[in-house]
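The shown structure was predicted, so the numbers you read here are calculated from the model rather than taken from an experiment.
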Amino acid sequence: MFYEAKGNLHGLPHDPFKAIVSPRPIGWIGTRGSDGSDNLAPYSFFNAISDHPKMVMFSSSGRKDTLRNVEETGVFTTSMVGRSLTEKMNLSSADAPYGESEFKIADLEMAEARMINAPFVAGAHAALECKVTEIFEAKSLEGELSGSFVVIGQVVGIHIDEAALVNGRLDMGAVAPLARLGYLDYADAANTFEMRRPAWPIET
């Protein structure tokens, strides 16, 4: 089958776009408002975009509490969502009023970042402390604003649970990082395999 994306006339009961662009890591974004209130929210439009310097991005569909806080403070954290934290991550996605702490809603212990003024999930196997470098509203080919706001942050601090390290590496089998698929589907990456990039010229 084929259909033009703009018209979105796929004829299916559900839009397949997010299922096609999957799996996507979940950015569990922790922020603090200028009023001192704490916020925690999961974003599936999230990924690493640079290694030198280390940078991550997430995108907010609409103006949400997280976006408000990063605009006010210029910082955020992202906590790694392992399989053991799945249900609590889902609870933190509730559309709570501004000022209500999702840490409390999901009964999560909160930890304080060391280099920025923002909280993260104490029970996460890893967390990143980030300073915002850019915020912009994505545009279409026609130059129309999308209503999706892209936040790019440079990583300034990294937390790792030493219990999740095996032979100097973050053990994916133990962490089982959660990924967002399409529809209401999720997956974890507990079952992994290694593959080396081939050297050139490729031997056949």
Side-chain angles (χ1 to χ4, degrees), residues 17-18 20-34 38-82 85 89 92-93 102-103 110-141 145-162 164-165 168-172 175-181 186-189 192 194-195 197:
F17 172 66
K18 291 181 182 178
I20 295 169
V21 187
S22 69
R24 301 184 306 280
I26 298 170
W28 211 2
I29 308 299
T31 58
R32 176 168 290 134
S34 58
D38 297 312
N39 184 269
L40 179 69
Y43 285 82
S44 68
F45 290 147
F46 167 81
N47 221 315
I49 61 169
S50 171
D51 190 34
H52 302 288
K54 293 173 173 56
M55 302 179 81
V56 296
M57 63 74 61
F58 71 93
S59 177
S60 174
S61 299
R63 301 196 64 85
K64 299 178 180 177
D65 297 344
T66 299
L67 179 63
R68 171 179 170 176
N69 287 349
V70 297
E71 286 178 331
E72 290 179 356
T73 66
V75 297
F76 64 92
T77 68
T78 178
S79 299
M80 192 174 194
V81 184
L85 292 170
M89 178 278 297
S92 73
S93 70
E102 288 79 7
F103 287 94
M110 189 173 71
E112 289 292 331
R114 297 188 184 185
M115 300 181 67
I116 61 173
N117 182 19
F120 66 94
V121 177
H125 290 295
L128 307 176
E129 301 184 12
C130 307
K131 292 186 177 182
V132 174
T133 62
E134 294 181 70
I135 301 175
F136 59 91
E137 187 173 359
K139 295 180 181 178
S140 70
L141 288 170
L145 295 174
S146 66
S148 291
F149 298 85
V150 180
V151 179
I152 297 177
Q154 182 169 331
V155 179
V156 296
I158 299 176
H159 300 260
I160 299 176
D161 175 11
E162 292 186 17
L165 293 174
R169 298 171 59 175
L170 202 57
D171 183 4
M172 294 296 103
V175 174
L178 199 68
R180 190 72 165 92
L181 307 177
Y186 292 82
D188 69 53
T192 64
E194 290 190 354
M195 184 181 298
R197 184 178 181 179

Looking at side-chain heavy atoms only, is the closest gap between [X] and [Y] below 4.5 Å?
| X | Y | result |
| --- | --- | --- |
| V75 | V70 | no |
| T77 | I116 | yes |
| R32 | N39 | no |
| D161 | M80 | no |
| F45 | K18 | yes |
| V155 | P53 | no |
| F120 | L40 | no |

From [X] [atom1] over to [Y] [atom2], what is the distance, rounded to the nearest 0.5 angstrom?
| X | Y | atom1 | atom2 | value |
| --- | --- | --- | --- | --- |
| F136 | S148 | CZ | OG | 10.5 Å |
| I49 | I152 | CD1 | CD1 | 4.0 Å |
| L165 | L170 | CG | CG | 6.0 Å |
| S34 | E72 | OG | CD | 3.5 Å |
| L181 | Y186 | CG | OH | 9.5 Å |
| I160 | L128 | CD1 | CG | 9.0 Å |

Could you pull out the closest heavy-atom pair between [X] and [Y], with the gap in Å?
| X | Y | result |
| --- | --- | --- |
| G33 | N69 | CA-OD1, 3.2 Å |
| F103 | P119 | CE1-CG, 3.7 Å |
| T78 | G27 | OG1-CA, 3.6 Å |
| S22 | R180 | CB-O, 3.9 Å |
| A164 | H125 | CB-ND1, 3.7 Å |

Salt-bridge present (K64, E102; N to O < 4.0 Å):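 Answer for the salt bridge query: no.
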
Hey, is the main chain of L145 close enough, under 3.5 Å, to the side chain of E137 for a donor-acceptor pair?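 Here the side-chain-to-backbone pair does not exist.
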
Can you check side-chain contact (heavy atoms from CB on, under 4.5 Å) on L85 and L178, steps first, answer last? CA-CA 9 Å; L85 292 170; L178 199 68; over 6 Å; no

Side chain to side chain donor-acceptor pair (under 3.5 Å): which pairs involve residues 126-136, sequence neighbours left out?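 Pairs touching residues 126-136 that pass the test: E129-H159.
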
Start with the C-alpha distance between V150 and I135, add both sets of side-chain angles, then the distance that settles side-chain contact (heavy atoms from CB on, under 4.5 Å), and finish with yes or no. CA-CA 6 Å; V150 180; I135 301 175; over 6 Å; no

Extract all donor-acceptor atom pairs below 3.5 Å that involve side chains of residues 54-63 and protein atoms in other chains or at least two apart in sequence.
from	atom 1	to	atom 2	distance (Å)
S60	OG	G62	O	2.6
R63	NH2	E71	OE1	2.4
R63	NH2	E71	OE2	2.8

